[in-house]
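The next block holds one structure in the form of structure tokens; read it before the comments.
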Amino acid sequence: MAPPRPPDRFPAGPRYRSYLLFGMGSALMLPLGFELLCALWALASGDAAWREFQAGLRHPLRIAGHAVAGVWLTWVALRFFRLFPKTQPFRLGPFRRPPDWLLVGGLYGVFAAASLALGLWLAGRIGGLG
């Protein structure tokens with residue numbers, strides 16, 4: 001049996017950087033998951049606890065953390081959209097699958113529209129929030 005050895009050009013290869021960034025994102029998501037649990041706890045604890053939690057969200061470090069998480073989640077989503085055509089069958093009954101560029105472009109478009117709608121909703125421009 002041959003002794004173990006690292007893959008070629010590890011860790012300087014361009015793909016490894018992408019894989020490491022993807023994996024390190026879970027370290028970013030863990031504190032945000034705990035923050036979500038704290039938000040639920042504050043909601044269940046009454047108005048004063050919820051207002052205190054909301055006031056804590058205005059801290060610049062938390063805002064920066066959420067901005068970084070938003071960028072990372074967008075990168076992950078777009079990365080998965082590029083993989084989508086590879087997972088689809090070439091035929092579904094009598095219908096052929098659309099071209100890869102159309103599938104990926106459609107997913108990008110839906111993602112952009114959903115992001116815009118969510119942003120407008122959170123800003124209170126649509127849906128009566130705020």
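Residue numbers count from 1 along this sequence. Reckoned from all heavy atoms, side chains included, excluding hydrogens, waters and symmetry mates. These figures come from a predicted structure and were not determined experimentally.
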Check whether any side-chain heavy atom of [X] sits under 4.5 Å from a side-chain heavy atom of [Y], and report yes or no.
X      : Y      : answer
Phe95  : Arg91  : no
Arg82  : Tyr108 : yes
Phe84  : Leu103 : yes
Cys38  : Phe53  : yes
Leu36  : Leu32  : no
Asp100 : Lys86  : no

Heavy-atom count check: over 12 atoms from other residues, nucleotides or ligands less than 6.0 Å from Gln54 CD?
yes
CH2 of Trp41: more than 12 outside heavy atoms within 6.0 angstrom?
no
Of all residues at least two apart in sequence or in a different chain, which pass the salt bridge (charged side-chain N to carboxylate O under 4.0 Å, His left out) check with Arg62?
Glu35
For the student: nearest non-hydrogen atoms of Ser45 and Ala49, plus distance
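It is CB-CB, 3.7 Å.
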Could you tell me which non-hydrogen atom of Ala69 sits nearest to which non-hydrogen atom of Met29, and how far apart they are?
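Taking every non-hydrogen atom into account, CB-CE, 3.9 Å.
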Here's one to test your reading of the geometry: is the NZ or CZ of Arg96 within 45 degrees of the ring axis of Phe90 and under 6.0 Å from its centre?
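Negative - Arg96 is either too far from the ring of Phe90 or too far off its axis.
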